[in-house]
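Values in this document were obtained by computation on a predicted structure and should not be read as measured data. Basis for what follows: all heavy atoms, side chains included, without hydrogens, waters or symmetry-related copies.
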Amino acid sequence: VDTENLMRDAVKEQTNKARQAYPETPREKWVLEWPGMAAICVGQMYWTLDVEEAIQEPGGEGVRNYANKCTEQLNDMVNLVRGNLTK
């Protein structure tokens with residue numbers, strides 16, 4: 001039980017740190033600096049925030065712009081994984 005609590009606290013701490021670093025770090029660099037679980041969690045938090053903002057723009061322009069941003073981010077991740085990653 002103690003080990004489980006320590007693990008939970010460690011994941012929570014890493015996720016909080018990753019959340020704070022996300023707006024200040026280029027995404028391609030940020031994703032490599034944090035554990036996968038934290039990166040997925042924080043990425044989804046910011047995705048939700050960005051989608052909420054995008055759908056509030058009139059005429060669907062915000063959603064179109066955000067779709068383009070998401071496509072660029074995916075392409076960046078594809079290029080990152082195709083490159084030489086270190087352990």
Please report the interatomic distance [atom1]([X]) to [atom2]([Y]), rounded to the nearest 0.5 Å.
{"X": "Y66", "Y": "E53", "atom1": "OH", "atom2": "CD", "value": "9.5 Å"}
{"X": "M77", "Y": "E28", "atom1": "CE", "atom2": "CD", "value": "5.0 Å"}
{"X": "I40", "Y": "W47", "atom1": "CD1", "atom2": "CH2", "value": "14.5 Å"}
{"X": "M45", "Y": "L49", "atom1": "CE", "atom2": "CG", "value": "9.0 Å"}
{"X": "K69", "Y": "L74", "atom1": "NZ", "atom2": "CG", "value": "12.0 Å"}
{"X": "C41", "Y": "N16", "atom1": "SG", "atom2": "CG", "value": "9.0 Å"}

Worksheet entry | E13 and D9, any side-chain heavy atoms less than 4.5 Å apart | no
So, for [X] and [Y], which heavy atoms are closest and what is the spacing to 0.1 Å?
{"X": "T25", "Y": "E33", "answer": "CG2-OE1, 4.0 Å"}
{"X": "A54", "Y": "G62", "answer": "CB-O, 3.4 Å"}
{"X": "T15", "Y": "V42", "answer": "O-CG2, 3.6 Å"}

Discussion item. Can a side-chain donor-acceptor contact be found between N5 and R8 if the only test is distance below 3.5 angstrom?
Written reply: yes
Discussion item. side-chain contact (heavy atoms from CB on, under 4.5 Å), that's the test. Do T3 and M7 meet it? Break it down for me.
Written reply: CA-CA 6 Å; T3 303; M7 290 172 63; 4.0 Å; yes
Discussion item. Please determine whether a side-chain nitrogen of the Lys or Arg among E61 and R64 lies less than 4.0 Å from a carboxylate oxygen of the Asp or Glu.
Written reply: yes
Discussion item. Tell me whether the rings of Y22 and W30 are parallel (<30°), tilted (30 to 60°) or perpendicular (>60°).
Written reply: perpendicular
Discussion item. Walk me through whether D76 and R27 qualify under side-chain contact (heavy atoms from CB on, under 4.5 Å).
Written reply: CA-CA 9 Å; D76 290 341; R27 194 166 188 267; over 6 Å; no
Worksheet item: Are W34 and L80 connected in the hydrophobic side-chain network, where two residues link if heavy atoms are under 4.5 Å apart?
Response: yes
Worksheet item: Using a side-chain heavy atom cutoff under 4.5 Å and only I, L, V, M, F, W and Y, what cluster partners does V11 have?
Response: M37
